[in-house]
Amino acid sequence: MVERDKNHPCVIFWSLGNEGGRGQCLEAMADTIKKLDNSRLIYSDTYRELSAIYDEGYLHPSDLKILGEKIKDKPVFMREYLHVMGNSGGNLQEYWDVIYADSSLTGAAIWEWVDQGIAKKKDGSPLKLTAYQNDFNLKSDEYWAYGGDFGDKPNDGNFCIKGLVSSDRKPYPHLILQRSPAVL
């Protein structure tokens with residue numbers, strides 16, 4: 001993925017994975033990433049010695065403020081500060097007031113940004129790759145499949161269908177409600 005995406009301007013750092021633990025596999029990944037692209041930071045939420053970014057998830061805004069005052073050797077980023085399900089979420093202004101007030105706080109990410117449905121043919125036949133790999137529009141004979149739709153057991157059912165944008169990257173109405181006045 002690093003080799004494929006290293007020229008994309010939207011990549012700001014490389015993640016070793018969410019809740020990935022520690023160990024020599026992560027060390028090897030970090031070393032390989034540095035060889036392929038040394039222009040970006042490496043991030044790990046569970047192996048802080050490898051990470052150029054300090055992370056905590058789901059802090060209260062006042063705890064985020066305290067963490068920003070405490071951690072001074074790395075930028076602080078919350079990989080998750082809001083878990084969106086259905087039309088939940090909102091009132092993030094308190095977080096952004098804290099983040100904007102402290103330059104060591106670099107931001108936060110919403111979990112889940114995008115639904116993680118996978119296109120599947122209605123008749124069960126296999127999908128074929130197209131020349132347009134980033135075309136997320138469903139064809140008339142497809143639907144967005146998720147846990148259990150592939151005969152997978154156990155599965156999480158529709159738990160991966162809870163983003164601010166749908167699997168075809170179209171915004172849900174509650175995305176508009178999440179936007180900070182500074183973003184508008």
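What's counted below: heavy atoms across the whole structure, side chains too, no hydrogens, waters or symmetry copies. All figures in this text were calculated on a predicted structure; none of them were measured in a lab.
Linking Ile, Leu, Val, Met, Phe, Trp and Tyr residues whenever their side-chain heavy atoms come within less than 4.5 Å places Y43 and L41 in a single cluster. A single hydrophobic cluster is not seen to contain both I53 and L105; linkage of ILVMFWY side chains at heavy-atom distances under 4.5 Å, directly or through other members, places them apart. Residues L36 and L50 are members of one and the same hydrophobic cluster, defined by side-chain heavy-atom contacts under 4.5 angstrom among Ile, Leu, Val, Met, Phe, Trp and Tyr. Under a hydrophobic clustering in which Ile, Leu, Val, Met, Phe, Trp and Tyr are joined whenever their side-chain heavy atoms come within less than 4.5 Å, directly or via other members, I12 and V114 fall into different clusters. Criterion: ILVMFWY side-chain heavy atoms under 4.5 Å apart, direct or through other members. Under it, Y54 and F77 are not part of a common hydrophobic cluster.
Within 6.0 Å of NZ on K35 lie no more than 12 heavy atoms contributed by other residues, nucleotides or ligands. Enclosure of atom NZ in K65 is not indicated, since only 12 or fewer non-hydrogen atoms of other residues, nucleotides or ligands lie within 6.0 angstrom. Around the CD atom of E49, the shell of radius 6.0 Å holds more than 12 heavy atoms that belong to other residues, nucleotides or ligands.
Residue I42 comes nearest to A30 through the heavy atom pair CD1-O, 3.4 Å, listed as atom of the first residue, atom of the second, then distance. Of all heavy-atom pairs spanning N18 and R79, the tightest one is OD1-NE, 3.0 Å. Taking both residues in full, the closest heavy atoms of G107 and W96 are given as CA-CH2, 3.9 Å, listed atom of the first, atom of the second, then distance. When all heavy atoms of K74 and A52 are compared, the pair lying nearest together is CB-O, 3.7 Å.
Atom CG of residue N7 and atom OG of residue S39 lie 9.0 Å apart, to the nearest 0.5 angstrom. Summarising the geometry, atom OG belonging to S62 is positioned 9.0 Å from atom OH belonging to Y95; distances are rounded to the nearest 0.5 Å. Put simply, CD1 on I118 and SG on C160 are 7.5 Å apart, with the number rounded to the nearest 0.5 Å. Distance check: I66 CD1 to H60 NE2 gives 10.0 Å after rounding to the nearest 0.5 Å. Between the CG atom of D152 and the OH atom of Y146 there is a distance of 11.5 Å, given to the nearest 0.5 Å. For the atom pair W144 CH2 and D149 CG, the distance stands at 12.5 Å (nearest 0.5 Å).
Judged by distance alone, the side chain of D115 and the main-chain N or O of G117 form no donor-acceptor pair under 3.5 Å. A donor-acceptor contact shorter than 3.5 Å links the side chain of R40 to the backbone of V11. In this structure a side-chain-to-backbone donor-acceptor pair under 3.5 Å is present from S104 to G68. A donor-acceptor pair under 3.5 Å is absent between the side-chain atoms of K72 and the main chain of K70, judged by distance alone. A distance-only check finds no donor-acceptor pair linking the side chain of D141 to the backbone of K122 [under 3.5 Å]. With hydrogens and angles disregarded, no donor-acceptor distance shorter than 3.5 Å links the side chain of S51 to the backbone of Y47.
Ion pairing between E56 and R48 holds under the 4.0 Å rule for side-chain N and carboxylate O. Taking the charged nitrogens against the carboxylate oxygens, D168 and K170 do have a contact shorter than 4.0 Å, which makes a salt bridge.
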May I have the step-by-step check of side chain to side chain contact (heavy atoms under 4.5 Å, CB included) for E19 and D45, ending in yes or no? CA-CA 6 Å; E19 300 169 0; D45 65 327; 3.7 Å; yes
Could you walk me through whether W113 and V165 pass side chain to side chain contact (heavy atoms under 4.5 Å, CB included), step by step? CA-CA 6 Å; W113 175 255; V165 298; 3.8 Å; yes
Step-by-step side chain to side chain contact (heavy atoms under 4.5 Å, CB included) determination, I110 to L164: CA-CA 9 Å; I110 292 175; L164 289 176; 3.6 Å; yes
Stepwise side-chain hydrogen bond (donor to acceptor under 3.5 Å, both in side chains) test for D37 and W14: CA-CA 9 Å; D37 178 9; W14 296 110; 3.0 Å; yes
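V2 places none of its side-chain heavy atoms less than 4.5 Å from the side chain of T32. By the 4.5 Å heavy-atom criterion applied to side chains, I33 and L16 are counted as neighbours. The side-chain heavy atoms of M78 and Y58, taken from C-beta on, include no pair separated by under 4.5 Å. Contact check for K120 versus L127: no side-chain heavy atoms found under the 4.5 Å cut-off. Side-chain contact between L64 and Y81: absent, with no pair of heavy atoms (C-beta onward) separated by less than 4.5 Å.
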